[in-house]
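See below for the structure under consideration.
Bear in mind the structure is a predicted one, so any value in this text is a computation, not a measurement.
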Amino acid sequence: MSETPMNTLQYRFDGPEDAPVLILGPSLGTTWHMWDRQVPELAQQWRIFRFDLPGHGGSPAYPAGSVSDLAERLLATLDALGVQRFGYAGCALGGAVGVELALRHPERVASLALIAASPRFGTADEFRQRGVIVRTNGLDPIARTSPDRWFSTGFAAAQPAITEWAVQMVRTTDPGCYIAACEALASFDVRPELGMVGVPTLVLVGSDDQVTGPAEARTLVAGIPDARLAVVPGASHLVPVEQPAAVTDLLVRHFSTAWQPAYEHSTGQTAVPGVSLRPVQAVSPQAAPIAEIAPAPMIAPAQVMGRPDPYEAGLKVRREVLGDAHVDRALAQADDFSGDFQELVTRYAWGEIWDRPGLDRRSRSCVTLTALVAGGHLDELAFHTRAALRNGLTPDEIKEVLLQAAVYCGVPAANSAFRVAQQVIREETTPSE
């Protein structure tokens, strides 16, 4: 077990001290215990390192708002322990951390397994909406519906103790850290970079996964040059829990045969492995994975000359604040007459003003709501109320902004604003069943 400062993660080791290190990364809302049934067999060959995400399990609640932040905290933890090179297997958000490590720190990763993972998890709107629900209602609505997302119907019905364990695991997570992790997934998108993942990779998915299913898995395999796909029949999203024997077999086979040699520091090159990754064979009659591979072209990074054009930064901020769906509608409706205006708004309102560091987004939302009440712009007030919730304002804080506006902008204007904001808040903060 560990003493955990702010820039590192809580962890535990299992297995021989002199064995190669294999890291097991958890999914959002879970703890390292999701890997309990893999550890006994894996620890026979590897030094197993498990960690808890911030605010999960017994981990201190220091939120991390991006996948890169989580990856850097993991590396800081490993550096403090003297662990330089390792294999890595991660589930969902844990898989995203693995991709980030393989892209930014390839010299550290010997082999990679991505489980229930994706180069982009759903849409940014979906995860920011989940953050709004947690901020307003706490984690209980998310906890109660987690088994539906994580397990197949038959498994959940047959394993009530595991189902209740899953609910309690989410319920005891720190809400602020959960919201930050949602933000990390909302901003995660490595689709253009998959061709740069240079380590042998196993992509593993449950056939019945409705969160990040076989389609997302095949996108990873098509993009990562040295990758194989294993599909576990009858399993859903949390496949290491639902099909532990199949997952363990696949991990043993992958990491036993696909361990990239370390960099040769004198030349800066890596030796070519003598044994290539073999296609995964069936592991048991109950869970026979499928294997396939497809290469992806390398994508050169864009070159930027001079002062960066604020348009791309503005588009990114606009999407983060207003949501992809809203921005996509606005841009799709633009034509020769209105297109220049959409470009103006994106470049200057969002790229120049909203992207300035002088105020945080919560403060900018307060200012914007007040200005919209004063101007009577109720249509814009509706989607900026939605944006304010995503920027971290609670319904009570929005109420206080509108009460303040009533004094300085007029009661009739505030009356109309309350009506609009009330409807938006109901829509955004009511958990879906």
Side-chain angles (χ1 to χ4, degrees), residues 65-67 96 118-133 182-194 212 215-216 219 223 299-357 359-369 371-373 375-393 398 417 420-421 423-425 427-428 432:
S66 70
V67 172
S118 176
R120 184 190 186 195
F121 290 80
T123 67
D125 290 357
E126 292 168 359
F127 283 101
R128 294 193 172 106
Q129 168 73 6
R130 193 185 297 186
V132 169
I133 290 173
C182 287
E183 183 61 37
L185 287 171
S187 59
F188 181 75
D189 186 355
V190 293
R191 289 173 294 179
E193 300 177 90
L194 288 179
T212 49
E216 287 82 2
T219 301
I299 300 175
Q303 300 296 317
V304 180
M305 302 297 292
R307 181 177 182 271
D309 184 339
Y311 181 85
E312 289 302 325
L315 186 60
K316 180 177 182 291
V317 174
R318 189 179 182 186
R319 288 186 178 280
E320 290 173 354
V321 173
L322 299 181
D324 287 331
H326 175 89
V327 176
D328 287 343
R329 280 196 303 272
L331 297 180
Q333 291 168 2
D335 54 18
D336 290 343
F337 182 75
S338 61
D340 289 346
F341 174 72
Q342 288 297 328
E343 185 174 326
L344 174 76
V345 169
T346 301
R347 180 171 279 111
Y348 295 107
W350 295 101
E352 294 282 4
I353 301 303
W354 272 88
D355 201 35
R356 288 175 63 86
L359 291 176
D360 62 22
R361 290 186 186 175
R362 284 170 47 88
S363 300
R364 292 192 185 278
S365 278
C366 291
V367 172
T368 302
L369 291 176
L372 293 173
V373 173
H377 305 300
L378 298 183
D379 287 343
E380 298 238 345
L381 180 67
F383 61 75
H384 270 286
T385 300
R386 201 167 276 112
L389 290 167
R390 295 179 181 182
N391 282 343
L393 291 178
I398 292 173
V420 170
Q423 179 61 32
V424 171
I425 290 170
E427 293 172 357
E428 290 294 307
S432 57

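Side-chain atoms of Asp125 come within 3.5 Å of backbone N or O of Asp324 as a donor-acceptor pair. For Glu126 (side chain) and Thr123 (main-chain N/O), a donor-acceptor pair under 3.5 Å exists by modelled atom type. In terms of modelled atom types and a separation under 3.5 Å, the side chain of Arg361 and the main chain of Asn391 share no donor-acceptor contact. Formation of a donor-acceptor pair under 3.5 Å by the Ser338 side chain with backbone atoms of Asp335 is found in this model.
How far CH2 of Trp350 is from CD of Glu320: 10.5 Å, rounded to the nearest 0.5 Å. Atom CZ of Arg364 is separated from atom CD1 of Ile353 by 7.0 Å, given to the nearest 0.5 angstrom. Put simply, CZ on Phe341 and OG1 on Thr346 are 9.5 Å apart, with the number rounded to the nearest 0.5 Å. A distance of 6.0 Å separates CD in Glu380 from CG in Leu372, rounded to the nearest 0.5 Å. Between the CZ atom of Arg120 and the OG1 atom of Thr212 there is a distance of 14.5 Å, given to the nearest 0.5 Å. Separating the NE2 atom in His384 from the CG atom in Leu369 is a distance of 8.0 Å, to the nearest 0.5 Å.
Counting only heavy atoms from C-beta outward, the side chains of Thr368 and Trp354 approach each other to under 4.5 Å. The closest side-chain heavy-atom distance from Val67 to Val190 is not below 4.5 Å. Two residues are said to be in side-chain contact when any heavy atoms from C-beta on lie closer than 4.5 Å; Arg130 and Leu185 fail this criterion.
Closest non-hydrogen pair, Ala186 versus Phe127, comes out as CB-CB, 3.9 Å. In plain terms, the two heavy atoms of Ala388 and Ser365 that are nearest each other are CA-OG, 3.5 Å. Nearest heavy atoms, Leu194 versus Pro119: CD1-CB, 4.0 Å. The two residues Glu427 and Gln129 have their closest heavy-atom pair at O-NE2, 4.2 Å. Heavy-atom minimum distance, Arg319 versus Arg128: O-NH1, 4.1 Å. Across all non-hydrogen atoms, the minimal contact from Ala96 to Phe121 is CB-CE1, 3.9 Å.
Using a cut-off of 4.0 Å between Lys/Arg side-chain N and Asp/Glu carboxylate O, Arg356 and Glu352 are scored as not salt-bridged.
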Applying side-chain contact (heavy atoms from CB on, under 4.5 Å) to Glu428 and Arg390, what does each step give before you reach the verdict? CA-CA 10 Å; Glu428 290 294 307; Arg390 295 179 181 182; 3.9 Å; yes
